[in-house]
Amino acid sequence: MTGKAKPKKHTAKELAAKLDAATTNRGGGKAGLADRTGKEKGGHAKLECPLCKVTAPDIKSMQIHHDARHPKIPFDDSKLNNLHSTVVAETSKPKPGVRGSLKK
């Protein structure tokens with residue numbers, strides 16, 4: 001016997017949320033390593049700091065990093081390394097961060 005406020009079975013919404021969480025690419029783990037580091041074109045890490053080699057997805061994030069980690073050196077966006085321009089995209093692989101999976 002269950003209590004008054006407790007449903008006996010899982011709801012369709014809860015089951016759909018569990019399926020979505022299990023099958024959607026979130027970019028974590030070993031599979032998302034190339035995406036996070038920007039090794040392949042299409043990764044989220046587009047820019048690389050020339051001083052400490054930390055990666056960031058855009059100029060605004062890189063400027064925040066630079067102000068926090070290198071306050072004595074003036075920020076110059078022309079010195080940043082664009083990782084997307086140095087690597088040629090491989091079209092056979094799926095782009096990272098795309099919803100969906102092979103399990104469905």
Side-chain angles (χ1 to χ4, degrees):
M1 231 165 95
T2 59
K4 281 185 176 181
K6 295 182 182 176
K8 285 186 175 181
K9 298 180 180 179
H10 296 285
T11 62
K13 181 180 178 183
E14 181 184 355
L15 293 175
K18 284 178 75 173
L19 177 70
D20 180 56
T23 59
T24 302
N25 178 13
R26 305 278 185 215
K30 199 170 192 179
L33 182 64
D35 179 32
R36 292 191 305 272
T37 56
K39 298 263 185 213
E40 298 177 12
K41 185 166 177 137
H44 297 294
K46 181 179 179 182
L47 302 172
E48 183 180 53
C49 180
L51 303 170
C52 61
K53 305 297 183 196
V54 168
T55 57
D58 57 1
I59 291 189
K60 184 73 175 172
S61 299
M62 185 53 72
Q63 188 170 7
I64 293 169
H65 157 78
H66 191 82
D67 293 341
R69 300 292 178 204
H70 318 291
K72 295 180 181 178
I73 303 168
F75 179 71
D76 185 15
D77 58 351
S78 64
K79 292 183 179 178
L80 298 176
N81 301 329
N82 187 349
L83 298 174
H84 286 194
S85 65
T86 59
V87 179
V88 178
E90 192 172 318
T91 57
S92 63
K93 292 185 179 180
K95 290 191 177 184
V98 178
R99 289 185 59 105
S101 74
L102 303 173
K103 290 184 181 180
K104 289 183 181 176

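All residue numbers in this chain count up from 1 along the given sequence.
The nearest pair of heavy atoms linking H70 to C49 is NE2-SG, 3.6 Å.
Expressed to the nearest 0.5 Å, how far CD of Q63 lies from CG of D76 amounts to 11.0 Å. How far CG of L19 is from CG of L15: 9.0 Å, rounded to the nearest 0.5 Å. Within the model, atoms CD of E48 and NZ of K79 stand 15.0 Å from one another, a figure rounded to the nearest 0.5 Å. Put simply, NZ on K46 and CG on N81 are 13.0 Å apart, with the number rounded to the nearest 0.5 Å.
In this structure, the side chains of C52 and H65 come closer than 4.5 Å at one or more pairs of heavy atoms.
L51 belongs to a hydrophobic cluster whose remaining members, ordered by chain and number, are I73; membership requires side-chain heavy atoms of ILVMFWY residues under 4.5 Å apart, directly or through intermediates. Other residues sharing a hydrophobic cluster with F75 under the 4.5 Å side-chain heavy-atom criterion for ILVMFWY residues are L47, I59, M62, L80.
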